[in-house]
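Reckoned from all heavy atoms, side chains included, excluding hydrogens, waters and symmetry mates. To find a chain, count down the sequence lines: A is the first, B the second, and so on, and within it residues start at 1. Values in this document were obtained by computation on a predicted structure and should not be read as measured data.
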Amino acid sequence: MISAEKILFTVVQKALQELYTLKSDNITFQKTRKEFEGDLTLVTFPFIKETKKSPEQVGQAIGEYLKQNEKQVSDFNVVKGFLNITLSNEFWLNYFNSIKDSESIGFKVPESSGRTVMLEYASPNTNKPLHLGHIRNLLLGYSVSNILKANGHKVIKVSIVNDRGIHICKSMLAWKKWGNGETPQSSGMKGDHLVGKYYVIFDKEYKKEVEELVGAGKKKEDAEKISLLMMECQDMLLKWEAGDKATVDLWKMMNSWVYEGFAVTYKTVGVDFDKTYYESNTYLLGKELIKEGLEKNVFYKKENGSVAIDLSAEGLDEKIVLRSDGTSVYITQDIGTAIERFKEFPDLKQMIYTVGNEQDYHFKVLFKILEKLGYSWAKECYHLSYGMVELPEGKMKSREGTVVDADDLLKEMFDTAEATTKELGKVDEFSETELKDLYYLIGSGALKYFMLKVDPKKKMLFDPKESIDFNGHTGPFIQYTHARIKSVLRKADFDYTKSIEAASFEPAEKEILRWIYDFESVIEESGKSLSPSLVANYVYELTKSYNRFYHELPIMKEENKEVKMLRLQLSKACGQTISNAMNLLGIKVPEKM
RNA sequence: GACUUCGUAGCUCAACUGGAUAGAGUAUUGGCCUCCGAAGCCAAAGGUUGCGGGUUCGACUCCCGCCGAGGUCACCA
């Protein structure tokens, strides 16, 4: 079905042409505010300069033109400079009949756009378990990939694991010194938590040593340099890079513990990847390219032998891309992996990095370097930058133990879901496994919705003392409404699928239909802005409109058979839309709860 | 210090990218289950959009200056 906006666009264009001989492409419609009569609103102010008429006159004239020349327009009114357009009942009925039995309301045909997008998210370090900040990253990345798919793109989800470097050696060294051979099996700890424990131990011991040195009269900076522990650690890194067997074996073993732990958390959060990259495999990639860049004069060698690029003309600073000892820095690997990925997937059109906004500058530099190296796809690289999750006392700091652990938080959510469900006692007939699934569904739904409803760009606050709500503007509220719809539909044990040919919509019914109609454009918009929050806030509004309808009008109790069928069909379509929208957020929706 | 992001009801967030009287939830107060699911619905109260200028038909949104908070400015990752 052609959208009303498209139809109206051409008619309004014609109206302007015929009435004022005015050519304009700048015609946009907005949803009419609910305190006014109408479906779509056209703002007439942009046209008053050329027409030299008042906004009211222009609105009135265009309105009349529309009403006479476009049968889908049944009425209009003008308030100040706003032309409110009412679409015909026939239009809405046609629309309703076209979607009422569809399961893919709002979605484009999969891979119809032919655009292949790679989306990187997760990118954890292997020295500590995942925390709340990672959860935001995971949910965002996963949801954005769903939204892009719903827009017809092909998406490759990838993760890059930061599995090498000095920070990994810290855990390894501490385990070697004080671990007494402890394993996930022997301790009963999840692998990533076990490794994280030794990372913390290292830090504690290191601090202790530095303090002792300072106590003995050393300056802090000097103490940090001559710390035996740190020197041992650096030695370990050298051994690792040289391929020393014992070191590499230890590294492999501890990493495998971490991966097992991560796999559990990913599964619990409900995210997955098409491919995982490891920095231990890719960290040398960039080096070859440095040579190339030197030949092209994009980079230059400094006196001490290091290689750098000057970006001051772009308003950025000088950036080192190769150390004087010839080893690569962080950004060197990123240059290498980016190039590698575009080689690996020749039909790749866009590359999205889901990384926190503390790395805004890093990505600016990275993309600029890629551009200077002459890669045409550099401008298609995009940093999906999101704000930090903050606690009431400020930023989370792993060293100070103020992090909210991902596994703990998830567990807590499931427990709360269990307690609330038991208290309400509506699913007594559920089996043990059904109940467990339900707690999982509600608990993770609450957490996911909580995090995805806020604009990714903005930082958000999480207060562990006030647990995440299950009432109001929340995931469970939406899940509940879906269960309620399913309950109504279960009661309708007759065939109500016949198309309704003649009916008019009550305001409450129309409101729902109006929201369902908007779903498609919301998906488009959130795909463009890579923002799941648009979908989250949208589905909340849709859900509210259903609850209002539900309280206002009878469904199964309605006497008129046609009206009853219409309301059942509307309920079904609404339930489907809720389910589709929540799916984009990675949230499942129950039949009963 | 330079650059950068942000500042909206007590609290957590919206506001269709410059549009109508700035909206929700929560907390507070009141009403609605012998009637399709009360994790719900209805209502009251809550605001000088940090402050001061400017741009225009119109500003939470754009520009300038203050104030306040975060982030980044490594041959760390």
Side-chain angles (χ1 to χ4, degrees), chain A residues 28-33 35-36 41 43 45-46 48-49 54-55 79-82 84 123 125 127 162 164-168 279 283 302 304-308 315-317 319-331 333 356-362 364 385 387-388 390 394-395 417 420-421 423-424 426 442 446 450 453-455 457-463 466 469-481 483-492 518 521-522 525 529 533-534 536-538 540-541 544 547-548 550-558 567 571 592-593:
Chain A
T28 54
F29 300 93
Q30 44 191 299
K31 196 170 159 41
T32 302
R33 299 184 65 135
E35 58 267 38
F36 300 102
T41 296
V43 183
F45 287 105
I48 57 173
K49 256 190 201 138
S54 75
V79 181
K80 294 191 204 166
F82 299 89
N84 301 320
S123 338
N125 288 350
N127 61 341
N162 183 0
R164 60 162 288 277
I166 193 83
H167 55 295
I168 313 291
E279 284 192 357
Y283 82 107
K302 299 182 53 156
N304 59 15
S306 63
V307 179
L316 306 169
D317 296 323
K319 178 75 192 170
I320 299 283
V321 292
L322 204 63
R323 294 191 191 102
S324 48
D325 64 3
T327 58
S328 57
V329 294
Y330 186 63
I331 204 161
Q333 324 177 16
N357 64 10
E358 53 196 354
Q359 295 201 33
D360 283 355
Y361 183 76
H362 170 78
K364 241 190 230 171
S385 164
M388 299 286 102
E390 285 181 10
K395 207 189 165 192
T420 313
T421 306
E423 201 181 305
L424 293 169
K426 292 180 184 172
I442 297 171
F450 175 84
K453 78 173 177 184
V454 350
D455 184 342
K457 289 193 290 291
K458 295 192 177 171
K459 64 169 190 240
M460 62 179 295
L461 192 102
F462 176 80
D463 189 345
E466 291 177 26
D469 236 309
F470 282 35
N471 300 318
H473 188 179
T474 67
F477 164 77
I478 296 162
Q479 292 173 319
Y480 170 80
T481 305
R484 172 186 249 178
I485 290 171
K486 287 292 174 176
S487 166
V488 176
L489 295 178
R490 245 178 269 125
K491 290 197 165 69
D518 273 346
S521 62
V522 169
E525 192 55 43
S529 56
S533 70
L534 297 179
N537 288 303
Y538 161 80
Y540 173 65
E541 293 296 336
K544 271 208 299 193
N547 279 320
R548 245 176 265 129
Y550 181 87
H551 280 268
E552 220 173 278
L553 300 167
I555 304 170
M556 283 306 288
K557 287 183 179 157
E558 170 59 41
R567 289 184 186 159
S571 298
K592 288 184 186 181
M593 68 186 272

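- Each of rC57(B), rG71(B), rA38(B) was ranked by its minimum atom distance to the side chain of Phe45(A); first place goes to rC57(B).
- Only the C1' atoms considered, rG7(B) is 14 Å distant from rC66(B), to the nearest whole Å.
- Taking only side-chain atoms of Lys49(A), from C-beta outward, the nucleotide of rA15(B), rC57(B), rG40(B) with the closest atom is rC57(B).
- The glycosidic torsion of rU21(B) lies more than 90° away from 0, placing the base in the anti range.
- One distance of note links OG of Ser123(A) with CD of Glu279(A); it measures 8.5 Å at 0.5 Å rounding.
- When heavy atoms are screened at a 4.0 angstrom cut-off, Lys544(A) is found touching the sugar-phosphate backbone but no base atom.
- Look at CZ on Phe29(A): it is 18 Å from P on rC16(B), rounded to the nearest Å.
- Taking atom C1' in both rA44(B) and rG68(B), the straight-line distance is 34 Å, to the nearest Å.
- Computed from coordinates, the Met460(A) CE to rG25(B) C1' distance equals 14 Å when rounded to whole Å.
- No hydrogens or angles were tested; on distance alone, nothing pairs the side chain of Asn547(A) with the base of rA38(B) as donor and acceptor under 3.5 Å.
- Separation of the C1' atoms belonging to rU4(B) and rC57(B) is 34 Å when rounded to the nearest angstrom.
- Using a 4.0 Å heavy-atom cutoff across all strands shown, Leu424(A) reaches at least one base atom of the nucleic acid.
- Atom CG of Asp469(A) is separated from atom C1' of rG40(B) by 14 Å (rounded to the nearest Å).
- The P atoms of rG40(B) and rG58(B) are separated by 43 Å, rounded to the nearest whole Å.
- Per the geometry, CG belonging to Asp455(A) stands 10 Å off C1' belonging to rA14(B), to the nearest Å.
- Taking atom CG of Asn471(A) as the reference point, atom P of rG40(B) lies 4 Å away to the nearest angstrom.
- Judged by distance alone, with hydrogens and angles left aside, Thr41(A) brings a side-chain donor or acceptor within reach of the base of rA20(B), the pair sitting under 3.5 Å.
- Set against rC36(B), rG7(B), rA20(B), the side chain of Lys458(A) has rG7(B) as its closest nucleotide.
- Rounded to whole angstrom, the span from the CD atom of Gln30(A) across to the P atom of rA14(B) amounts to 20 Å.
- Ile485(A) has its CD1 atom 12 Å from the P atom of rG37(B), to the nearest Å.
- The closest side-chain heavy-atom distance from Thr41(A) to Phe29(A) is not below 4.5 Å.
- Two residues are said to be in side-chain contact when any heavy atoms from C-beta on lie closer than 4.5 Å; Ile331(A) and His362(A) meet this criterion.
- You'll find that the side chain of Asn162(A) is closest to rA77(B), out of rA77(B), rA38(B), rG19(B).
- The Arg33(A) side chain lies nearest to rG23(B) when the options are rA14(B), rG40(B), rG23(B).
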Show your reasoning for whether side-chain contact (heavy atoms from CB on, under 4.5 Å) applies to Tyr480(A) and Ile442(A).
CA-CA 9 Å; Tyr480(A) 170 80; Ile442(A) 297 171; over 6 Å; no

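- In this structure, a donor-acceptor pair under 3.5 Å is present between the side chains of Asn547(A) and Thr481(A).
- Between Lys31(A) and Glu541(A), none of the side-chain N atoms (NZ, or NE/NH1/NH2) sits under 4.0 Å from a carboxylate O, so this pair counts as no salt bridge.
- In the set rG71(B), rG19(B), rC57(B), the nucleotide with an atom closest to the side chain of Pro46(A) is rG19(B).
- Taking every side-chain heavy atom of His551(A) into account, rG40(B) is the closest of rG71(B), rG40(B), rG37(B).
- Closest contact between the side chain of Phe477(A) and the listed nucleotides rC36(B), rG40(B), rA77(B) involves rG40(B).
- Taking only side-chain nitrogens and oxygens, Lys80(A) comes nearer than 4.0 Å to OP1 or OP2 of rU21(B).
- Note on ring orientation: taking the six-membered ring where Trp is involved, the planes of Tyr540(A) and His473(A) are parallel (angle under 30°, cut-offs 30° and 60°).
- Rounded to a whole angstrom, the distance from the P atom of rU49(B) to that of rC11(B) is 16 Å.
- Spacing of C1' atoms, rA20(B) relative to rC60(B), comes out at 15 Å, to the nearest Å.
- Distance from the side chain of Arg548(A) is smallest to rC42(B) among rA77(B), rC42(B), rU12(B).
- The distance between atom NZ of Lys364(A) and atom C1' of rA2(B), rounded to the nearest whole Å, is 13 Å.
- Contact annotation: Asn537(A) side-chain N/O to rA24(B) OP1/OP2 distance is not under 4.0 Å.
- With a cut-off of 3.5 Å on both Watson-Crick or G-U wobble distances, the partner of rC57(B) is given as rG19(B).
- Listed nucleotides rG19(B), rA14(B), rC57(B) differ in distance to Phe82(A); the shortest reach to its side chain belongs to rG19(B).
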